[in-house]
Amino acid sequence: MSAAEGPLVVGVDTSTQSTKALVVDAATGLVVASGQAPHTVTAGAGRESDPRQWWDALCEALRQCGDAAREAAAVSIGGQQHGLVTLDARGEPVRPALLWNDVRSAPQARRLTEELGGAKFWAERTGSVLAASFTVTKWAWLAEHEPEAVRATKAVRLPHDYLTERLTGQGTTDRGDASGTGWWASGTESYDPEILAHVGLDPALLPRVVRPGEVAGTVRDGHDLPFSKGTLVAPGTGDNAAAALGLGLRPGSPVMSLGTSGTVYAVSKRRPADPTGTVAGFADAHGDWLPLACTLNCTLAVDRVATLLGLDREAVEPTADVTLLPYLDGERTPNLPNASGILHGLRHDTTGGQLLQAAYDGAVHALLGALDLVLDEDADRSTPLLLIGGGARGTAWQETVRRLSGRPVQVPEAKELVALGAAAQAAGLLTGEDPAAVARRWNTAAGPVLDAVERDEATLARITGVLSDAAPLLERGTGDH
């Protein structure tokens with residue numbers, strides 16, 4: 001084992017596709033061991049996974065960590081948000097979990113929004129306007145389509161709750177993950193009896209919400225993991241809140257995550273409530289808030305355009321006249337679920353490289369528009385924008401974000417920020433520190449800072465104009481005539 005200065009902790013990221021585990025030195029943030037194992041997700045109309053696969057993957061990931069995991073003094077689970085896990089009286093899954101990206105509950109989201117006072121009610125009560133990702137819509141879908149499964153359910157959990165409960169034997173969650181359910185009231189920081197009664201969900205089926213810094217439990221006997229009995233278990237949290245911890249975010253520091261989908265978020269002292277639904281008013285994992293906006297089309301959409309053009313993803317050329325809105329999968333921000341991509345301004349002399357740059361511009365434009373809504377009005381525009389996710393190390397992404405944001409851009413060198421955030425949460429149990437302060441001590445956000453350049457107002461205005469003019473086409477969608 002590596003020579004570690006302090007106690008060891010384990011941080012886990014149980015995501016949609018895999019579970020990753022890091023063994024981290026609590027004193028220095030050094031990763032001394034790591035492991036990863038995959039899960040499967042169904043294809044087709046639904047997106048489901050058997051929660052028992054998550055446990056098996058956790059066991060395998062920790063096995064890969066070797067002896068280091070056996071010496072861990074605390075563990076924390078960060079996980080994919082929103083998923084509906086239904087358990088029977090023995091704690092076994094009633095059916096596979098309905099994942100965040102299972103959109104079959106879109107009709108239930110619309111119905112619940114209308115039945116309980118409209119978008120303004122939901123924003124003020126829960127912090128967010130309902131979308132199909134939210135857990136309450138999945139429960140409503142299950143009650144409508146599989147009432148026998150609802151009758152058999154004796155406990156309702158989120159993905160990270162399920163793994164934490166298997167560790168401790170106690171049903172717990174945290175405010176960060178609870179804020180994505182749609183049945184947790186952000187104003188009172190408690191489960192909402194009116195919403196629960198409306199959807200027929202007994203609050204006794206829900207986990208206890210553990211406070212930030214509180215011990216969720218200790219590792220019990222009779223498990224397959226390399227932890228000692230009595231190892232401390234932290235509350236855990238959702239993946240975005242864990243990544244915010246992993247970066248050691250302070251209020252006002254903006255984050256842009258470039259993945260298959262794109263997200264922008266920041267820590268805020270103010271409770272968000274956006275009735276337009278652009279900003280989800282999530283709680284963070286240590287007492288503040290994490291307003292967040294998400295786009296559906298980011299790296300995958302731009303890579304698809306590069307493939308269609310037969311170009312490498314970095315083969316961009318400056319463009320002044322062509323606009324490409326890469327809404328290949330519909331779009332969430334702006335809210336255009338039926339949209340497809342739109343190209344405007346094509347000329348004889350337009351090159352493939354210019355078209356590719358236009359795709360980058362269209363994707364970043366959507367994220368920056370959302371970022372202005374996520375940040376508090378008094379946020380300092382000179383604060384570097386932290387660029388994370390799979391696209392963050394791409395030169396074309398970095399330069400596009402710099403040019404269109406007018407901000408300095410910082411690219412953290414640390415990877416696996418969700419698992420690192422969970423590890424910081426576990427370390428906080430041992431030291432009594434705020435987990436974000438632990439991450440700052442570990443210097444997880446360290447990385448090159450690219451200086452600000454003058455913001456390209458002309459391109460931003462051109463894309464905004466095309467988006468406005470094309471609104472009837474985008475709202476109508478490709479299947480309408």
Have [X] and [Y] got a donor and an acceptor in their side chains that come within less than 3.5 Å?
{"X": "D13", "Y": "S15", "value": "no"}
{"X": "T278", "Y": "T333", "value": "no"}
{"X": "T126", "Y": "S128", "value": "no"}
{"X": "T42", "Y": "E48", "value": "no"}
{"X": "D161", "Y": "T164", "value": "no"}
{"X": "T40", "Y": "Q53", "value": "yes"}
{"X": "T295", "Y": "E331", "value": "no"}
{"X": "Q354", "Y": "T319", "value": "no"}

How long is the straight-line distance from [atom2] of [Y] back to [atom1] of [X], given to the nearest 0.5 Å?
{"X": "L367", "Y": "C298", "atom1": "CG", "atom2": "SG", "value": "5.5 Å"}
{"X": "T137", "Y": "W183", "atom1": "OG1", "atom2": "CH2", "value": "9.0 Å"}
{"X": "I342", "Y": "Y327", "atom1": "CD1", "atom2": "OH", "value": "9.0 Å"}
{"X": "T276", "Y": "L373", "atom1": "OG1", "atom2": "CG", "value": "6.5 Å"}
{"X": "L371", "Y": "L404", "atom1": "CG", "atom2": "CG", "value": "12.5 Å"}
{"X": "L300", "Y": "D329", "atom1": "CG", "atom2": "CG", "value": "7.0 Å"}

Any side-chain heavy atom of [X] within less than 4.5 Å of one from [Y]?
{"X": "V10", "Y": "L22", "result": "no"}
{"X": "V209", "Y": "D174", "result": "no"}
{"X": "H344", "Y": "V322", "result": "no"}
{"X": "V411", "Y": "Q398", "result": "yes"}
{"X": "L258", "Y": "I388", "result": "no"}
{"X": "P254", "Y": "T383", "result": "yes"}
{"X": "L249", "Y": "L386", "result": "yes"}
{"X": "V41", "Y": "S49", "result": "yes"}

More than 12 heavy atoms of other residues, nucleotides or ligands under 6.0 Å from [atom1] of [X]: is that the case?
{"X": "R313", "atom1": "CZ", "result": "no"}
{"X": "D321", "atom1": "CG", "result": "no"}
{"X": "E457", "atom1": "CD", "result": "yes"}

Yes or no on salt bridge (charged side-chain N to carboxylate O under 4.0 Å, His left out) for E399 and R402, after CA distance, side-chain angles and deciding distance? CA-CA 5 Å; E399 293 306 311; R402 284 178 78 200; 3.1 Å; yes

Applying salt bridge (charged side-chain N to carboxylate O under 4.0 Å, His left out) to D361 and R403, what does each step give before you reach the verdict? CA-CA 9 Å; D361 289 350; R403 180 171 50 82; 2.6 Å; yes

Please name the pair of heavy atoms, one in [X] and one in [Y], separated by the smallest distance, quoted to 0.1 Å.
{"X": "V85", "Y": "P159", "value": "CG2-N, 4.1 Å"}
{"X": "Q36", "Y": "S18", "value": "NE2-OG, 3.3 Å"}
{"X": "V129", "Y": "A119", "value": "CG2-O, 3.7 Å"}
{"X": "A21", "Y": "C65", "value": "O-SG, 3.9 Å"}
{"X": "G447", "Y": "E413", "value": "CA-CG, 4.0 Å"}
{"X": "S179", "Y": "A283", "value": "OG-N, 2.9 Å"}

Is it true that R125 and D192 make a salt bridge, defined as a side-chain N closer than 4.0 Å to a carboxylate O?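 The answer is yes: the pair qualifies as a salt bridge.
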
Using the side-chain contact (heavy atoms from CB on, under 4.5 Å) rule, take L460 and R455 through it: C-alpha gap first, then chi angles, then the decisive distance, then the call. CA-CA 9 Å; L460 291 168; R455 186 156 70 159; 3.7 Å; yes

Short question: side chain of [X], backbone of [Y] - any donor-acceptor pair under 3.5 Å?
{"X": "T113", "Y": "A109", "answer": "yes"}
{"X": "R175", "Y": "S186", "answer": "no"}
{"X": "H39", "Y": "T19", "answer": "yes"}
{"X": "D284", "Y": "D288", "answer": "yes"}
{"X": "W139", "Y": "V199", "answer": "yes"}
{"X": "R441", "Y": "A27", "answer": "yes"}
{"X": "T459", "Y": "D456", "answer": "no"}
{"X": "T444", "Y": "G246", "answer": "yes"}
{"X": "S76", "Y": "Q425", "answer": "no"}
{"X": "S468", "Y": "T464", "answer": "no"}

Worked check of side chain to side chain donor-acceptor pair (under 3.5 Å) between T16 and W100: CA-CA 9 Å; T16 315; W100 64 275; 2.9 Å; yes

Run E124 and K120 through salt bridge (charged side-chain N to carboxylate O under 4.0 Å, His left out) and show every step you take. CA-CA 6 Å; E124 291 177 353; K120 190 169 185 289; 2.6 Å; yes

Just do the ring pair (Phe, Tyr, Trp, His ring centres under 6.0 Å) check on W397 and Y360 with the steps written out, would you? CA-CA 7 Å; W397 281 110; Y360 278 97; 4.8 Å; yes

Apply salt bridge (charged side-chain N to carboxylate O under 4.0 Å, His left out) to residues R347 and D349 and explain how you reach the verdict. CA-CA 5 Å; R347 300 282 188 183; D349 58 356; over 6 Å; no

Relative to the ring of F282, is the ring of F134 parallel (under 30°), tilted (30 to 60°) or perpendicular (over 60°)?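 Tilted.
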
Report the C-alpha distance between N240 and Q81 in whole Å, list the side-chain angles of each, state the deciding distance to 0.1 Å, and finish with yes or no for side-chain contact (heavy atoms from CB on, under 4.5 Å). CA-CA 8 Å; N240 288 299; Q81 293 180 255; 2.7 Å; yes

Between M256 and V401, does the side-chain contact (heavy atoms from CB on, under 4.5 Å) criterion hold? Intermediate values first, please. CA-CA 9 Å; M256 180 181 290; V401 171; 3.8 Å; yes

Let me see the working for T173 and W184 under side-chain contact (heavy atoms from CB on, under 4.5 Å), right down to the final yes or no. CA-CA 11 Å; T173 192; W184 185 82; over 6 Å; no

List the steps, then state whether side chain to side chain donor-acceptor pair (under 3.5 Å) holds for Q357 with T400. CA-CA 8 Å; Q357 181 61 66; T400 303; 3.1 Å; yes

